[in-house]
Amino acid sequence: MSDLAQIGVTGLAVMGRNLARNIARHGYSVAIHNRSFGRTQSLVADHGDEGTFIPSESAADFVASIERPRKIIIMVKAGAATDAVIDELVPLLDQGDILIDAGNAHFPDTIRRENALAAQGIHFVGMGVSGGEEGALNGPSIMPGGAPESYTTLGPILEDISAKVDGVPCATYVGPDGAGHFVKMVHNGIEYADMQLIAEAYDLLRQGLGISAAEIGEIFAQWNNGDLESFLIEITADVLSHIDAETGKAFVDIVLDQAEQKGTGRWTVQNALDLGVPITGIAEATFARALSGSVPQRTAGRVLPANAGEWNVTDRDAFIEDVRQALYASKVVAYSQGFDQIAAASAEHNWNIDRGAMARIWRGGCIIRARFLNRITEAYERDADLPLLLADPYFTQIVGDGVSAWRRIVALAATNGVPTPAFSSSLAYYDGVRAAGLPANLIQAQRDFFGAHTYRRTDKEGTFHTEWSGDRSEIQE
Ligand SMILES: NC(=O)C1=CN([C@@H]2O[C@H](COP(=O)(O)OP(=O)(O)OC[C@H]3O[C@@H](n4cnc5c(N)ncnc54)[C@H](OP(=O)(O)O)[C@@H]3O)[C@@H](O)[C@H]2O)C=CC1
Ligand SMILES: O=C(CO)[C@H](O)[C@H](O)COP(=O)(O)O
């Protein structure tokens, strides 16, 4: 066996360290490197017996320790840090080497980097990785982009180290240039929506029933045995039953109610605005985090009157079931919107992304892994060009079955003054997308009135303008 490593990993914080260990545990020799050498040393000291690690302090030694063509995974902070690492490595590489950015890069950066490196004969792969610390170690979901020929070389390793569901790896080629990071970005947007919906369900149960966090944890644990089975529901049950050692209080009650974000949710919403795709659930979830952190506004807002009703839940079980159904229906909307966004970007960039395959690789390893992703794969297998996931017969039925409960919950929340931006906006989207007509006709008429922006008619082809300030005659443009 060669003394050279089969693959390298640079950036050994929580993700890179565990990814390197995962690769080594699968029998590959791994060159390891980090900007500050301490992390490299501690990996070897703590886990050196898990496989073959070749540590280096300098980037030059690191690159020299990897067999050619080199495969190097970069797992550092997105943005300037990633550029700094690329700039340091590139002069040390040879033509045909593959540089893999596995951080949460913004996909336009990935497109830029791939173009620049392709000109120098280096293959650049923007690769989404999800699963957090645990997934990186035991099997993440992996979303690589870049040139397809890179996947021929990388694919076997990635599929080996990824999570498996029913023996199927949660790793597949996504599409050219930024496609992998784009899909990871939307994955995170859906993650934001999923988390916000769970938080709203928790809030409704707490306020509506006046029960403890631990009792709600038990409800979530039960939900995890049904259609809602997912990693996020599972960890919610766990978090809600956790007691703070210092105070003896429910852990969730001692955590400050200001949700932070590193950027992927915001990027998802910004991109959806550019594409004109309504991802209202994801957007509301992102804004809900922003509202939670708007301290001056929240402090000033405490004086606002509620004029809300009093909770009076007479049938506890029926209420819990209504919340469950509202959560499931809203969750389906978030995924439906996210997959619409993937389709729109895929068309815009000629990425040819297979949405069914994306749902398949999200079934395991990643933060949004969930039982119902199988159903999404099946829906896209029935119709790869499905324009609306909600219109697939399976999803039409389950959302239709839950819509009355969903309406009751959104109405109750509004009546009782409980903010449910994701539940409410998802229901509004559902009603908007299923409506035979929308009041957008009035908006078009207003636009024509004040700006001569024209309109189309329902009864004949063409573009028209009415002379609003004149004799109100109609002109065909
Ligand atoms: N944490 C998570 O759950 C997930 C994270 N990700 C993504 O994976 C990547 C790594 O995440 P994580 O492990 O949490 O680590 P961090 O995002 O906290 O990044 C820390 C790592 O980046 C390195 N770094 C920072 N600045 C520079 C620089 N200018 N030059 C060289 N190296 C630099 C650090 O080196 P040093 O030790 O010297 O400071 C360290 O190795 C990020 O892009 C993140 O968004 C993806 C999925 C899940
Ligand atoms: O990519 C991830 C999970 O899939 C990371 O955990 C990411 O940090 C989550 O996003 P944010 O920090 O904005 O909540």
Side-chain angles (χ1 to χ4, degrees), residues 106-108 111 178-179 182 185-186 189-190 192-193 196 263-291 294 297 330 332-353 355 385-391 396 399 407 410 414 419-477:
H106 196 193
F107 76 95
I111 295 174
F182 180 86
M185 180 191 79
V186 175
I190 294 173
Y192 277 43
Q196 175 65 24
T264 44
R266 189 172 63 243
W267 295 339
T268 311
V269 179
Q270 286 168 341
N271 170 261
L273 290 172
D274 288 342
L275 292 171
V277 179
I279 55 159
T280 54
I282 296 169
E284 286 297 347
T286 308
F287 286 128
R289 289 197 192 190
L291 190 151
S294 300
Q297 289 77 10
S330 304
V332 171
V333 166
Y335 281 73
S336 184
Q337 294 178 338
F339 279 99
D340 273 1
Q341 184 174 1
I342 291 175
S346 181
E348 168 112 349
H349 296 278
N350 289 319
W351 283 334
N352 202 18
I353 298 175
R355 288 176 292 173
D385 299 320
L386 189 63
L388 178 75
L389 186 61
L390 285 166
T396 302
V399 176
R407 293 194 195 290
V410 169
T420 54
F423 274 18
S424 310
S425 67
S426 303
L427 179 58
Y429 173 85
Y430 176 81
D431 281 330
V433 82
R434 65 168 196 82
L438 291 170
N441 48 2
L442 177 57
I443 293 168
Q444 278 302 91
Q446 290 167 331
R447 291 180 70 243
D448 190 57
F449 189 106
F450 64 67
H453 293 301
T454 74
Y455 52 88
R456 285 174 290 147
R457 298 181 57 104
T458 57
D459 53 358
K460 54 185 171 187
E461 290 295 315
T463 304
F464 300 89
H465 166 61
T466 290
E467 296 284 7
W468 294 101
S469 53
D471 64 359
R472 302 213 162 183
S473 59
E474 186 174 72
I475 300 160
Q476 182 157 11
E477 299 281 309

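Note that the structure is predicted; figures quoted are calculated from it, not measured.
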Please report the closest heavy-atom contact between [X] and [Y], naming both atoms and the distance.
| X | Y | result |
| --- | --- | --- |
| P421 | A288 | CG-CB, 4.3 Å |
| G263 | Y192 | N-OH, 4.0 Å |
| W468 | H465 | CD1-CE1, 4.3 Å |
| V269 | A283 | CG2-CA, 3.7 Å |

First locate atom [atom1] of [X], then atom [atom2] of [Y], and finally report the distance between them rounded to the nearest 0.5 Å.
| X | Y | atom1 | atom2 | answer |
| --- | --- | --- | --- | --- |
| Y335 | I342 | OH | CD1 | 11.0 Å |
| T264 | W267 | OG1 | CH2 | 6.5 Å |
| E284 | F423 | CD | CZ | 13.5 Å |
| R434 | Y429 | CZ | OH | 13.0 Å |
| D471 | T466 | CG | OG1 | 10.0 Å |
| Y455 | T463 | OH | OG1 | 10.5 Å |

Main-chain N/O of [Y] paired with [X] side-chain donor or acceptor, under 3.5 Å:
| X | Y | answer |
| --- | --- | --- |
| T396 | L390 | yes |
| T286 | R266 | no |
| D340 | V277 | no |
| Q341 | T268 | yes |
| E348 | L275 | no |
| S346 | I353 | yes |
| R355 | L386 | yes |
| Q337 | T280 | yes |

Revision key, fill the gap. Result for side-chain contact (heavy atoms from CB on, under 4.5 Å) between S336 and one of V433, V399, L389 points to L389

Review point. Has E461 got more than 12 heavy atoms of other residues, nucleotides or ligands less than 6.0 Å from its CD?
Key: no

Review point. For N352, does the CG atom sit with more than 12 other heavy atoms under 6.0 Å from it, leaving out its own atoms?
Key: no

Check your understanding: Step by step, would you call F182 with H349 a side chain to side chain contact (heavy atoms under 4.5 Å, CB included)?
Key -> CA-CA 11 Å; F182 180 86; H349 296 278; 5.9 Å; no

